[in-house]
Amino acid sequence: AQSVTQLDSQVPVFEEAPVELRCNYSSSVSVYLFWYVQYPNQGLQLLLKYLSGSTLVKGINGFEAEFNKSQTSFHLRKPSVHISDTAEYFCAVTRGVQGAQKLVFGQGTRLTINP
Amino acid sequence: DTAVSQTPKYLVTQMGNDKSIKCEQNLGHDTMYWYKQDSKKFLKIMFSYNNKELIINETVPNRFSPKSPDKAHLNLHINSLELGDSAVYFCASSPGHRYNEQFFGPGTRLTVL
């Protein structure tokens with residue numbers, strides 16, 4: 001079975017500071033990893049994904065994540081955050097099912113940006 | 001243009017009632033999903049349909065019944081609503097390939113009194 005653990009439920013940072021949101025996964029098979037963002041009162045939007053290849057993945061809005069197989073981690077980073085980055089962030093792992101994708105989500109990390 | 005839309009956005013109802021949530025996508029995707037997000041923001045997949053065929057059916061009470069009249073629509077019908085059904089329900093869609101991005105609707109907040 002696959003599972004995802006987001007180590008921080010809340011992360012407060014000041015505007016223009018760097019941030020790292022931590023994600024660890026467990027899986028007995030090859031994994032495909034995703035980070036989604038949920039802005040207040042909205043649905044989820046894909047930030048980035050790791051399927052294969054380079055372990056450093058760049059996404060939208062200046063975010064990036066690094067896949068570390070030995071540490072089973074997929075931490076999300078941004079060098080300088082903005083007020084508009086305030087949102088809930090979800091790490092997810094998938095197991096492909098014929099014709100579909102079964103996403104297993106972490107508990108979410110609430111990122112709060114203070115001016 | 002809205003890619004994945006859900007109606008209604010808010011739904012307040014009494015325990016024991018039956019209600020439906022509708023979802024439509026105009027992206028031409030083959031696969032659609034229903035997720036439940038509880039009060040602690042935890043997201044869990046409930047169902048998935050591919051070309052109108054049910055292919056993911058998680059451990060969900062049989063009071064929940066999805067229906068896909070065509071590829072662009074996936075509705076969720078809930079019988080005999082209970083307090084614990086209160087949550088935000090998200091519809092999503094994706095192309096048929098396994099590891100593509102899922103596109104989420106804005107959610108339906110269901111409150112059972």
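Heavy atoms only: backbone and side chains are in, while hydrogens, waters and symmetry mates are out. Residue numbering restarts at 1 for every chain, and letters A, B, ... go by the order of the sequence lines. This structure is a prediction, so every number in the text was calculated from the model and none was measured.
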- Item | Residue A/Leu46 versus chain B: region with a heavy atom under 4.5 Å | both

- chain B heavy atoms under 4.5 Å from A/Gln38: which part of the residue, side chain, backbone, both or neither? side chain

Indicate, with yes or no, if [Y] and [X] share a hydrophobic cluster defined by side-chain heavy-atom contacts under 4.5 Å among Ile, Leu, Val, Met, Phe, Trp and Tyr.
{"X": "A/Leu21", "Y": "A/Leu56", "result": "no"}
{"X": "B/Ile56", "Y": "A/Phe34", "result": "yes"}
{"X": "B/Met32", "Y": "B/Ile78", "result": "yes"}
{"X": "B/Val4", "Y": "B/Leu74", "result": "no"}
{"X": "A/Leu76", "Y": "A/Ile60", "result": "yes"}

Can you say whether [X] sits under 4.5 Å from chain A via the side chain, the backbone, both, or neither, judging by heavy atoms?
{"X": "B/Glu53", "answer": "neither"}
{"X": "B/Gln6", "answer": "neither"}
{"X": "B/Lys9", "answer": "side chain"}

Please table the atom pairs, donor to acceptor, closer than 3.5 Å between any side-chain atom in residues 106-115 of chain A and protein atoms at least two apart or in another chain.
from: A/Gln107; atom 1: OE1; to: A/Gln6; atom 2: N; distance (Å): 3.2
from: A/Thr109; atom 1: OG1; to: A/Gln6; atom 2: NE2; distance (Å): 3.2
from: A/Thr109; atom 1: OG1; to: A/Asp8; atom 2: O; distance (Å): 2.6
from: A/Arg110; atom 1: NE; to: A/Glu88; atom 2: OE1; distance (Å): 3.3

- Task: Determine whether more than 12 heavy atoms belonging to other residues, nucleotides or ligands lie under 6.0 Å from atom CG of B/Asp70.
- Result: yes

- Message: On a heavy-atom basis, which atom in A/Lys49 and which in B/Glu101 lie closest, and how many Å separate them?
- Response: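 Answer, listing the atom of A/Lys49 first, then B/Glu101: NZ-N, 4.1 Å.
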
- Item | Shortest non-hydrogen contact from B/Leu43 toward A/Leu44 |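 Taking B/Leu43 first and A/Leu44 second, the nearest heavy atoms are CD1-CD2, 3.5 Å.
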
- Message: I want to check something: taking the side chain as every heavy atom from C-beta on, are B/Lys41 and A/Phe105 in contact at a cut-off of under 4.5 Å?
- Response: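 Side chain of B/Lys41 against side chain of A/Phe105, heavy atoms only: no contact under 4.5 Å found.
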
- Item | Choice from B/Phe90, B/Phe42, B/Phe103 maximising heavy atom contacts with chain A below 4.5 Å |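 Most heavy-atom pairs under 4.5 Å with chain A: B/Phe90.
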
- Can you check whether A/Lys102's main-chain N or O pairs, donor with acceptor, with B/Tyr33's side chain at less than 3.5 Å? no

